[in-house]
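See structure below.
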Protein chains: 2
Amino acid sequence: MAAINEVFRGECYDLLSDTKTIPDNYVDLIMTSPPYANKRVKSYGGIPTDKYLNWFLPISTQLKRVLKEDGSFILNIKEHPKNGERQTYVIELILALRKQGWFWVEEYCWYKKNSFPGKWNNRFRDSWERCLHFTKNKSFKMYQDEVMVPIGDWAKRRFKSMSENDYIRYTSSNQSNLGRNVSNWLKRQQVYPHNVMVFEKEHYIAPSNVLEFSTECSNKNHSAAFPVELPTWFIKLFTKEGDIVLDPFLGSGTTAVASFLLNRNYLGIEKQEDYYQEALLNLQEVKTLKKPDRKKKSG
Amino acid sequence: MAAINEVFRGECYDLLSDTKTIPDNYVDLIMTSPPYANKRVKSYGGIPTDKYLNWFLPISTQLKRVLKEDGSFILNIKEHPKNGERQTYVIELILALRKQGWFWVEEYCWYKKNSFPGKWNNRFRDSWERCLHFTKNKSFKMYQDEVMVPIGDWAKRRFKSMSENDYIRYTSSNQSNLGRNVSNWLKRQQVYPHNVMVFEKEHYIAPSNVLEFSTECSNKNHSAAFPVELPTWFIKLFTKEGDIVLDPFLGSGTTAVASFLLNRNYLGIEKQEDYYQEALLNLQEVKTLKKPDRKKKSG
DNA sequence: GTTCCGCATGAATCGATAG
DNA sequence: ACTATCGATTCATGCGGAA
């Protein structure tokens, strides 16, 4: 029978190949961060760079099988330097996935302001990672309203370098209400600069393809590859309540936790025992935390 | 005779091939933003995607010839979407340049925070561009001290959660006057909120590989490919005064202007007449602006 | 109960040293 | 001439003991 809200321990490829457990066109979103080449040596054996594609492509074939036609696949990855150069296996993977039939819609930039420290002769700290967005078709589900941000964030940045006339000129040229909204907003800001603006729906704008989320700090009990905000953002953007979210490299369970908290169904696969146990614990924890809230709401 | 502080009008490849004008191992930095595929149709005929590599690779061969052994090549580029997908010619170009013998050191992310809101069904506005860093060898010149930034955006990020005592503790621990300065600065901030703190040398840290520069505003005649801050940053990082900076796709002259203002020597090539003229004008303008400053200083 | 301060450590990276 | 391992370096953050 098809699995739902379950975490499996085992080899990613083997479990994904079981068409009874995970049928064709079953999940709405795949959000994952696979082990990077030569990283996580203990848990995944450290996939060598030159074998990365051969290792990943059979898995992505199965991912394509289980993903719905209008679903999305978000791949968080970043190549590390080797011998003073960025490795090329990630961009080779993009090309290979396209050959496999995936649609490369976008490359989001996850900007990690609190990246790992370091200073070297030839490079600075690496503060960003790729979040590659693949789909099975040109059109797909995307709920942009769920991730809108207040226009203030943007306007503040722009305010210094652009006059109000510039706004009006620019925005009125593309026949939208934005120009008028921005103009009104700016006037109010000037009249009541200390006001705390209450934004109405039309004062929210779409975010960009740069996502600013801090990495989780090391001292927390459960270390995770990415902070819960990252899968949360993509889950809101690409799924609705009741949809199914799969993470084939679940790690400590962040994707499943985010899915649960957003009332989505989760599926997870994790090879290593201690990560698997940690994922179960983390899920248990949020479930016990969430129950009282539900009772309050319903009763 | 070898050219210096000169802007040429003509075909990039032809002018770069003239070994007398631009000798081997001549320039310290190449900083450029080439026409993107199918863009700048008027000036470059809009290089088709499938011919981009064939067009670019002969040029980059010459760039490799003229670049010093310890020099750097910064390529600012971003692929646009086509048929709902990001195009792949840029990542193919990275692979091709490596085959050509270039060393792919790093991919800097230029984060354009103030890019104007836009909304499409399947994507958000594109707020970042690649700044690909190539060299001829594993080791190269890099003057990191020239681009240090104040300790982690300090005031902005810490202000909320840190008391003034914390500031003083933090900063006085390394035996300087910063603690006192910061204390004064905080008080001044309350009185003169627009003041800018001047930090001491030892409280600067290296930046990361994410660069936050705003795009230039619309009031200029031609919109520049990048703001002057972008070449300025790379010129400071990879060259010293008196070094030579080349931009083979000069456009409106931003790279040459930045080089001149930093007392570097510039070389530029631009195919299109009106861009060429604008570059000359922009250079003229900064030269007349800068001279009085010099006179004041020396006399 | 709060605030203050020491400290550990994270998908890090390089260069030197060892096998 | 390879790869493998180790130490030094770096900064944001939260934990826990001390004041």
Side-chain angles (χ1 to χ4, degrees), chain A residues 32-50 52 75-87 89-90 110-131 212-227 229-231 247 249-252 254-255 270-272 274-275 278, chain B residues 103 105-107 133 135 137-140 142 144-145 148-174 179 199 202-210:
Chain A
T32 197
S33 187
Y36 303 174
N38 297 311
K39 299 288 166 183
R40 291 202 166 177
V41 178
K42 278 183 190 171
S43 43
Y44 291 94
I47 300 114
T49 308
D50 56 353
Y52 200 88
L75 184 64
N76 164 231
I77 194 165
K78 182 65 182 273
E79 65 278 14
H80 288 253
K82 192 174 181 181
N83 298 325
E85 277 190 290
R86 286 275 161 203
Q87 295 182 287
Y89 74 92
V90 173
W110 170 26
Y111 178 16
K112 305 179 289 183
K113 281 206 163 172
N114 64 339
S115 60
F116 197 96
K119 188 168 175 286
W120 307 277
N121 288 333
N122 58 343
R123 67 179 65 249
F124 295 130
R125 290 181 298 158
D126 192 0
S127 282
W128 67 285
E129 298 200 7
R130 309 178 194 279
C131 289
E212 299 185 40
F213 298 121
S214 293
T215 56
E216 293 218 332
C217 192
S218 54
N219 297 13
K220 290 191 176 175
N221 291 337
H222 40 85
S223 67
F226 44 62
E229 287 85 357
L230 192 73
D247 187 341
F249 303 99
L250 189 65
S252 55
T254 312
T255 304
E270 175 53 41
K271 180 181 176 179
Q272 204 190 354
D274 54 356
Y275 272 109
E278 200 184 327
Chain B
F103 217 77
V105 176
E106 180 59 299
E107 180 172 354
H133 180 200
T135 60
N137 296 289
K138 188 176 173 179
S139 66
F140 50 87
M142 195 178 195
Q144 301 192 354
D145 287 346
M148 295 284 122
V149 294
I151 259 189
D153 266 338
W154 219 64
K156 281 178 197 166
R157 265 194 277 166
R158 287 267 188 176
F159 193 50
K160 289 175 191 167
S161 57
M162 213 184 200
S163 70
E164 188 171 343
N165 280 340
D166 278 316
Y167 279 112
I168 293 162
R169 162 173 78 94
Y170 185 93
T171 55
S172 63
S173 65
N174 28 18
F199 293 90
E202 62 264 35
H203 298 105
Y204 282 77
I205 59 169
S208 76
N209 61 354
V210 177

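Lettering follows sequence order; numbering is per chain, from 1. Nothing here was measured: the structure is a model prediction, and the numbers come from that model.
Pairing analysis of DNA chain C (Watson-Crick: purine N1 to pyrimidine N3 plus N6-O4 or O6-N4; G-U wobble: N1-O2 and O6-N3; both under 3.5 Å) yields stems of 3 or more pairs at C:2-10 with D:11-19, C:12-19 with D:2-9.
At a cut-off of 3.5 angstrom, counting only N and O atoms as typed in the model, there is a donor on one side and an acceptor on the other between the side-chain of A:S33 and the base of C:dA11.
Distance, A:R130 CZ to C:dA11 C1': 15 Å, rounded to whole Å. Remark: P of C:dA11 and CD of A:Q272 are 14 Å apart, rounded to the nearest angstrom. Rounded to whole angstrom, the span from the CZ atom of A:R125 across to the P atom of D:dT13 amounts to 10 Å. When the P atom of D:dA8 is taken as reference, atom CZ of A:F116 falls 15 Å away, rounded to whole Å. Distance B:M148 CE to D:dT10 C1': 12 Å, rounded to the nearest Å.
Side-chain atoms of A:K119 lie closest to D:dT10 of the nucleotides D:dA12, D:dT10, C:dT13.
Of the residues listed (A:E129, A:K78, A:R125), the one engaging A:K112 in a side chain to side chain contact (heavy atoms under 4.5 Å, CB included) is A:E129, and it is the only one.
When the salt bridge (charged side-chain N to carboxylate O under 4.0 Å, His left out) test is applied to A:D247, no partner is found at least two apart in sequence or on another chain.
A:Q272 and A:D274 are linked by a side-chain donor-acceptor pair at a separation below 3.5 angstrom, with hydrogens and angles left out of the test.
Note: A:H80 and A:Y36 have tilted aromatic rings, judged against thresholds of 30 and 60 degrees for the angle between ring planes. In this structure, A:Y89 and A:Y52 have tilted ring planes: the angle between them lies in the 30° to 60° band.
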Between the protein and nucleotides 14-16 of chain C, list every N/O to N/O distance that falls short of 3.5 Å.
residue: C:dC14; atom: OP1; partner: A:N122; partner atom: ND2; Å: 3.4
residue: C:dC14; atom: OP1; partner: A:R123; partner atom: NE; Å: 2.8

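Here A:H80 reaches the OP1 or OP2 of C:dT13: one of its side-chain N or O atoms lies under 4.0 Å away.
Take the nearest nucleotide of DNA chain C for A:S115 and for A:F124: the residue whose nucleotide is more 5' is A:S115. Between A:P117 and A:R86, the one whose closest nucleotide on DNA chain C sits nearer the 5' end is A:P117.
Comparing the P positions of D:dT9 and C:dA11 gives a spacing of 22 Å, expressed to the nearest Å.
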